[in-house]
There are 2 protein chains.
Amino acid sequence: MLERSRLDASRRARFAVSAPTLADVAELAGVSRQTVSNAVNNPDLLRADTLARVQQAIDQLGYKPNRAARNLRTRSSHLIGLRISPVQEGTASAVMDRFVHSLVETSGEAGYHVLLFTSDAQVTGDPLAGYDELLRSTAVDAFIVTDTYLGEGQASWLRERRAPFVAFGRPWDDANARHPWVDIDCAAGAELATRHLIDKGHTRIAWIGWKKDSVLGEERRSGWLSAMHGAGLPTTGLASRVEDAVGSGRSAAQVMLDEATPTAFVCASDTLAIGVMHALAERGLQAGDDIAVVGFDDSQVAQTVWPGLTSVRQPLEQAAIEVVKALEGLLSTPPQVGPSVMLTPTLEIRGTSGPDRS
Amino acid sequence: MLERSRLDASRRARFAVSAPTLADVAELAGVSRQTVSNAVNNPDLLRADTLARVQQAIDQLGYKPNRAARNLRTRSSHLIGLRISPVQEGTASAVMDRFVHSLVETSGEAGYHVLLFTSDAQVTGDPLAGYDELLRSTAVDAFIVTDTYLGEGQASWLRERRAPFVAFGRPWDDANARHPWVDIDCAAGAELATRHLIDKGHTRIAWIGWKKDSVLGEERRSGWLSAMHGAGLPTTGLASRVEDAVGSGRSAAQVMLDEATPTAFVCASDTLAIGVMHALAERGLQAGDDIAVVGFDDSQVAQTVWPGLTSVRQPLEQAAIEVVKALEGLLSTPPQVGPSVMLTPTLEIRGTSGPDRS
DNA sequence: TCCAGGTGTTGGAACGATCAAGGCTGGACG
DNA sequence: CGTCCAGCCTTGATCGTTCCAACACCTGGA
């Protein structure tokens with residue numbers, strides 16, 4: 001008892017705010033360290049009255065387990081690594097923002113925190129360097145991998161090193177990958193967008209999409225294609241594949257308007273859709289009234305631009321929830337790998353859809 | 001030697017990928033653990049040949065110090081907590097995205113990682129609960145506080161608990177706060193925007209800003225006011241204070257156009273500026289050609305909307321760099337608190353500025 | 001030859017938690 | 001009455017690193 005308070009005193013002298021430890025709680029409650037540990041982690045192992053006593057001591061001291069000590073002993077950090085990609089200035093996409101937010105919230109509820117890192121590709125030349133460092137220093141328990149369509153081989157790299165991870169985005173480059181993943185059926189999204197325009201009476205609906213080397217772009221394009229074919233509508237001369245930039249969308253639309261007389265545009269991204277709207281504005285045409293436009297991502301731009309850009313909205317909040325669910329399975333003992341999840345997007349209808357053409 | 005390899009074997013049996021430890025490196029290099037530790041943390045303590053030998057062993061085994069063990073011993077995690085605020089749907093602001101990205105990059109170079117958490121205010125009712133948990137479990141070394149204009153008392157709360165933190169945003173509510181902070185001189189930004197319009201020949205320049213209880217809004221408004229006064233221009237009847245929403249900006253602009261015949265608008269946010277552009281579109285007016293509009297934040301919307309929204313751009317990348325710099329001072333021993341930093345925004349000139357009116 | 005003084009290296013203890021195994025109680029059962 | 005067992009709690013060891021104090025080695029001067 002005496003020795004104890006001496007220890008306290010010396011500790012208090014060195015550290016202004018010294019967090020209470022398991023031992024402090026144990027002493028106050030008159031039990032052993034392990035019992036306090038059990039009270040925190042396996043409360044049902046204790047007798048009710050003991051638990052209450054320990055609990056009260058915990059509250060009284062404001063005890064919280066020391067993260068570092070727990071991490072060391074349990075060989076886990078309860079941290080999840082997420083690599084964020086560079087901000088794309090001049091585009092309309094803000095997909096990550098919503099996803100990250102929902103991810104932080106959901107994983108917090110599951111007892112995990114999200115740790116961010118960047119690719120540093122411009123520094124080291126290796127886009128996977130960030131993963132390597134966190135993995136080898138055992139800083140995170142698992143990763144969440146995005147941007148799988150870039151074909152950087154993140155997934156196979158991580159699997160080789162037996163690092164647990166969940167992908168947001170299907171394994172485009174590896175058909176027999178066995179890791180858990182969650183993705184959004186963007187072909188269904190494009191199909192939804194196209195059908196919406198067909199329902200409104202459009203028959204000449206153009207597609208402004210990404211270049212052929214973008215798997216994601218081809219996937220979205222296939223949704224437009226199947227909706228058009230399903231309705232028996234022509235598609236020849238109505239598709240364009242360009243860079244994902246406002247200017248590209250604009251010039252693609254100009255060409256299309258001159259050569260194919262479309263009455264509506266479906267775009268692979270809001271960025272391209274905004275480009276189409278620029279082209280219309282330059283001709284004195286009003287998006288919606290004269291020609292319909294639908295975008296993809298439901299970005300802030302789509303939400304705020306006049307007169308409101310109809311856009312495919314990805315269920316990113318739901319995606320984050322599914323990712324965390326898969327992660328929990330992966331990190332439980334024994335690890336449980338559930339089936340992969342494919343979510344369906346919705347359509348946010350706004351002014352650029354225009355009135356019905358009947 | 002024999003015992004060592006037995007240990008290795010049993011370890012390998014339990015953990016598929018077992019990271020090498022300090023002891024492993026020490027044995028391979030034929031030195032003690034402490035020497036390896038020194039090689040990593042204080043290389044200049046070793047003789048050149050010893051260092052080389054240890055370094056080679058480190059490379060050979062691919063050794064990285066175990067984070068948890070190091071954290072436990074040094075009582076620091078090299079993690080920085082950042083609370084992210086809820087995503088604002090339907091607005092144009094995306095300030096955080098750029099700031100967070102730059103922060104992750106800069107702090108990474110300084111050896112720190114960023115850990116995200118949410119306020120959970122809707123769950124616990126206490127916006128500071130997230131801070132408390134991370135602080136008491138010693139999960140982070142420091143915090144970066146944003147949204148200081150909300151008046152939640154984050155700063156004073158953290159100071160009371162002696163938690164190291166740097167604020168992005170000046171201490172609006174506490175004039176004699178002593179913590180380090182970095183902020184952007186948004187009054188100067190609004191002044192810059194207004195001067196730009198004055199230079200173009202405008203004399204009746206309206207202000208669409210936030211409600212009076214927003215300190216940030218009043219600050220920005222003061223920039224407009226001083227530019228107008230400086231040029232000897234009238235301001236009566238030309239200022240409006242509304243909610244930060246597209247619809248509010250739109251109706252405020254309608255009223256203003258009817259009653260005060262302005263030829264230009266300066267807005268407290270891109271969201272409001274977009275609202276003004278809606279009002280113009282509804283009257284068949286073209287932003288830029290007919291009436292000039294300037295926004296604030298240089299959001300993706302400003303960058304992509306037709307014909308390009310002139311907007312005040314905050315130097316968020318620079319802000320993040322300054323924040324990390326302050327943080328490094330704060331976490332060094334002894335802590336060094338430098339002077340607070342105020343940065344000046346720039347103006348991104350686009351189509352809505354319109355031609356010169358001379 | 002011996003010692004002072006610096007440089008380079010070492011072994012033991014500590015950080016604060018959990019794991020694994022063992023001890024103590026009281027009641028059930030042969 | 002002795003043994004066993006289940007329930008509850010305690011003890012000692014351990015995770016991998018860094019801190020601390022001490023030790024071996026070398027050089028130069030007395």
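Computed from a predicted model, the values in this text were never measured in an experiment. Chain A is the first sequence line, chain B the second, and so forth, proteins listed ahead of strands; every chain is numbered from 1.
- Here Thr35(B) lies in heavy-atom contact (under 4.0 Å) with a base.
- Listed nucleotides dC9(D), dT9(C), dG16(D) differ in distance to Thr21(B); the shortest reach to its side chain belongs to dG16(D).
- Between the P atom of dG16(D) and the CG atom of Asn41(B) lies a distance of 17 Å, rounded to the nearest Å.
- Contact annotation: the side chain of Thr146(B) approaches that of Phe99(B) to within less than 4.5 Å [non-hydrogen atoms, C-beta and beyond].
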Which protein N or O atoms sit under 3.5 Å from an N or O of nucleotides 4-6 of chain D?
none

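- Ring centroid separation for the pair Phe165(A) and His179(A) comes in under the 6.0 Å cut-off.
- Atom CG of Leu46(B) is separated from atom P of dA24(D) by 20 Å (rounded to the nearest Å).
- Trp157(A) does not carry Arg159(A) over the face of its six-membered ring by the limits of under 6.0 Å from the centre and within 45° of the normal.
- Look at Asp49(A) and Arg53(A) and you find no salt bridge, because none of the NZ, NE, NH1 or NH2 atoms lies under 4.0 Å from a carboxylate O.
- Nearer the 5' end of DNA chain D, as judged by each residue's closest nucleotide, is the contact made by Leu45(A), out of Leu45(A) and Leu72(B).
- When heavy atoms are screened at a 4.0 angstrom cut-off, Asn71(A) is found touching no nucleic acid atom at all.
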Using the 3.5 Å cut-off, write out each protein N or O paired with an N or O of nucleotides 11-14 of chain C and the distance between them.
| from | atom 1 | to | atom 2 | distance (Å) |
| --- | --- | --- | --- | --- |
| dG12(C) | N7 | Arg33(B) | NH2 | 3.4 |
| dG12(C) | O6 | Arg33(B) | NH2 | 3.1 |
| dA13(C) | N6 | Arg33(B) | NH2 | 3.3 |
| dA14(C) | N3 | Arg73(B) | NH1 | 2.7 |

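- If you take CG of Asn38(A) and C1' of dA21(C), they are 14 Å apart, rounded to a whole angstrom.
- Taking the side chain of Ala69(A) as heavy atoms from C-beta on, and the options dC15(D), dC8(D), dA17(C), the nearest nucleotide is dA17(C).
- In the set dT18(C), dA17(C), dT17(D), the nucleotide with an atom closest to the side chain of Ser37(A) is dT18(C).
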